[in-house]
Amino acid sequence: MRVVVTGGLGMNGSWVVRNLLDRGHEVAVFENREDLSLVEDVADRIELVVGDICDADQLTAAVSALRPECVVHVAAFVDCERDPHTAIAVNVGGTAHVCAAAAAAGARRVVYTSSKAVYGPTTGKRGFPAYEPIGEDDDRRPRGMYDITKTAAEDVLNWYGRTTDLECVSLRFSTIYGPGKLQRHGGLAGFGQQISTYSSMIELPASGRPFVLDHGGEERDDLIYVLDVADAVGLVVSAAAPLRHRAYNVSSGRATSLGEFAGAIRRVIPDAVLDVGPGLNPMDAKESAYMVLDGTRMEEEFGWRPSYDPERAIRHYHEHVKAGRS
Ligand SMILES: NC(=O)c1ccc[n+]([C@@H]2O[C@H](COP(=O)([O-])OP(=O)(O)OC[C@H]3O[C@@H](n4cnc5c(N)ncnc54)[C@H](O)[C@@H]3O)[C@@H](O)[C@H]2O)c1
C-alpha cells in the first residue's frame, strides 16, 4: 500500500521507513528538512516532499496528491519546555492538520507515534522499587509540556477517529534507543543527556571513549530498540482487520537497570570502558520518568513481542556505528 510518513528523516522515522519498504509498501516522506543522512541507504526508494505540518494548506495539498492508504505521523517537536508555543503548534496543531489532511485524501488509517510521556512523571508503585507495569487504560497524568502535547495529540486523533471515517491509533513507546538518537537529540540542553544515556553508553565505547556516570546504576527503565519500534509501526500499518483499540503500549515490559545494560555492552564490546556507579536517578531529574509499560495488548492482538533483547540490539547498534552509519 502507499504510506505517507511525516518526520520520516528523523531517528525513528528513518527506521519506520525502512521497515515499511521491507514490507513492500510504497513510501513518501513529508518533512521540513532535506537532510537524508539517516536514510542514505534507501533514499532512492522514497519520495520526499519538503513542507511543514503546521502549514495546513501545504500538507493537505501534498497528502491529497499522494493519496495514501495510511499516514504514519512521526514528526514532532521535542524541546517543549524551552519553547512551549512551538511545541503546541507542531505537536497538537500539526497533528490536527495531519488528521484533517489524511481524512480529506480518503486515507483509511492514521498511526501516531505517541509516548510513555502521556503517563507523566513516575510516582508510587509505578516507580522504584516496584516498577508496576502501566496499562493503556491506566490514568494518563501529563505534567511537562512534552507530556501535555503528546496527550493532547492523542485526544485530537481520537476526535478524528470518532467523527470521520479515519481509523486513528496511538502507539505509546517506552524509552527508545538506537542509531540516530545521539545525532538527533544528544544536543538538547539539560534534556538531551537524559534521553540519550543508553545511546551514549554504546556510541562512546564504539569510538574508544569511556562512559562515566557516578550514580544511577540501579535505576530501571523499559527499553525498546528502534528496530522493534519500527517493526511495531509496520505491523499496525499493515494490519488488514480493523484495530481493536485506540492506543497500544510498545515496550519490552521489563525493567532493565542501567548496570545490567552496561553488563550487556561489556559482553558485546569487551574493551568498553563503562564506569557506572550505584544508586538511582542517574541524570538528577527533578521528576522520574523511569517506568515499565505493559505490552500485553500488542502481544494479544498481533502476537507481537520485541525481538531485540539488549545484547542483540547492542550488537546491531555497534555494527551500525562501526560501519560509520550513525
Ligand atoms: N525518541 C524517543 O525515545 C521517543 C520515545 C517515545 C516517542 N517518541 C516519538 O517518536 C516520534 C519521533 O521521534 P524521534 O526521536 O524520531 O524525533 P526526530 O526529531 O529524530 O524526528 C522527528 C522528525 O520530524 C521532523 N519534523 C519536526 N517538525 C516538523 C514539522 N513542523 N513539519 C515537518 N516535519 C517536522 C524533523 O525534521 C525530524 O526529522 C515523536 O513523535 C516522538 O514524540 C520518541
Side-chain angles (χ1 to χ4, degrees), residues 4-18 28-39 46 48-56 58-59 62-63 71-80 83 85-98 101 110-119 142 144-154 157 170-188 191-192 194-199 221-230 232-233 247-252 289-291 293 326:
V4 169
V5 182
T6 71
L9 302 185
M11 183 233 177
N12 287 291
S14 58
W15 291 103
V16 166
V17 163
R18 283 189 194 89
V29 168
F30 187 90
E31 257 283 356
N32 64 356
R33 304 179 296 136
E34 286 181 82
D35 176 0
L36 296 169
S37 57
L38 292 181
V39 293
I46 58 181
L48 175 63
V49 180
V50 178
D52 194 319
I53 60 167
C54 294
D55 183 334
Q58 188 186 40
L59 179 67
V63 177
V71 176
V72 183
H73 179 30
V74 185
F77 181 78
V78 182
D79 207 358
C80 303
D83 187 352
H85 291 275
T86 301
I88 293 164
V90 176
N91 296 355
V92 187
T95 297
H97 297 154
V98 168
V110 174
V111 179
Y112 175 56
T113 54
S114 188
S115 167
K116 68 176 194 172
V118 301
Y119 299 116
M145 185 48 73
Y146 180 69
D147 314 356
I148 289 167
T149 62
K150 297 306 282 187
T151 308
E154 284 195 356
L157 252 91
S170 298
L171 304 184
R172 296 175 184 159
F173 306 130
S174 60
T175 299
I176 304 170
Y177 65 106
K181 184 122 184 182
L182 268 187
Q183 180 185 322
R184 293 290 306 148
H185 305 303
L188 286 180
F191 195 39
Q194 187 178 352
I195 59 177
S196 304
T197 309
Y198 303 98
S199 287
D221 202 6
D222 186 334
L223 306 178
I224 185 111
Y225 193 51
V226 71
L227 268 78
D228 279 325
V229 164
V233 173
Y248 296 85
N249 289 338
V250 175
S251 65
S252 71
Y290 301 104
M291 64 181 86
L293 304 188
S326 189

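When a residue number appears, it is its place in the shown sequence, counting from 1. Indexing begins at 1, ligand by ligand and atom by atom, following the structure's order. It should be emphasised that the depicted structure is a prediction, and the values quoted were computed from it without experimental measurement.
To the nearest 0.5 Å, the span separating CG on Asn32 from CG on Leu9 amounts to 9.0 Å. Between the OH atom in Tyr198 and the OG1 atom in Thr175 there is a gap of 6.0 Å [rounded to 0.5 Å]. To the nearest 0.5 Å, atoms CG (Asn91) and OH (Tyr112) are separated by 6.0 Å. Here the CG atom belonging to Asp222 is positioned 11.0 Å from the CD1 atom belonging to Ile176, to the nearest 0.5 angstrom. Taking NE2 of His85 as the reference point, atom CE of Met145 lies at 8.0 Å (rounded to 0.5 Å). Atoms CD and OG, on Glu154 and Ser114 in that order, are 3.5 Å from each other to the nearest 0.5 Å.
Atoms of ligand 1 lying under 4.0 Å from any heavy atom of Gly51, numbered from 1 in the order shown and given with element: 32 (N), 33 (C). Remark: ligand 1 atoms within the under-4.0 Å shell around heavy atoms of Val74 are 11 (C), 12 (C), 40 (C), 41 (O). Below 4.0 Å from some heavy atom of Asp52 lie the following atoms of ligand 1, by number and element: 30 (C), 31 (N), 32 (N). In the vicinity of Leu9, heavy-atom distances shorter than 4.0 Å reach the ligand 1 atoms 39 (O). Proximity to Gly10 (heavy-atom distance under 4.0 Å) selects the following atoms of ligand 1: 20 (O), 21 (O), 39 (O). Interface atoms of ligand 1 facing Thr113, defined by a heavy-atom separation under 4.0 Å, are 9 (C), 10 (O), 11 (C), 40 (C), 41 (O). Which parts of ligand 1 touch Ala75 is read off a 4.0 Å heavy-atom cut-off, strictly below it: atoms 24 (O), 26 (N), 34 (N), 35 (C). For ligand 1, the atoms lying closer than 4.0 Å to a non-hydrogen atom of Lys150 are 40 (C), 41 (O), 42 (C), 43 (O).
In this structure, of Glu34, Glu31, His97, the residue bringing a heavy atom nearest to atom 36 (C) of ligand 1 is Glu31.
By the 4.0 Å heavy-atom criterion, Tyr112 is excluded from the residues contacting ligand 1.
Side-chain atoms of Asp147 come within 3.5 Å of backbone N or O of Gly144 as a donor-acceptor pair. A donor-acceptor distance shorter than 3.5 angstrom exists from the side chain of Thr6 to the backbone of Ala75, with no hydrogens or angles considered.
Residue contacts with ligand 1 for Arg33 involve side-chain atoms from C-beta outward but no N, CA, C or O (heavy atoms, distance under 4.0 Å). In Tyr177, neither the side chain nor the backbone holds a heavy atom less than 4.0 Å from any atom of ligand 1. When heavy-atom distances to ligand 1 are checked against a 4.0 Å cut-off, Ser114 comes that close only through its backbone atoms N, CA, C and O.
Among residues two or more places apart in sequence or in another chain, the side chain to side chain donor-acceptor pair (under 3.5 Å) test is passed with Tyr119 by Arg172, Asn249. Here Thr113 pairs with Val74, Phe173 under the side chain to side chain contact (heavy atoms under 4.5 Å, CB included) rule; sequence neighbours left out.
Taking any N or O of Asn12, backbone or side chain, at least one lies under 3.5 Å from an N or O belonging to ligand 1. Considering backbone and side-chain atoms alike, Phe30 places every N or O at 3.5 Å or more from each N or O of ligand 1. The N/O atoms of Ile53, backbone and side chain alike, include one that comes under 3.5 Å of an N/O atom in ligand 1.
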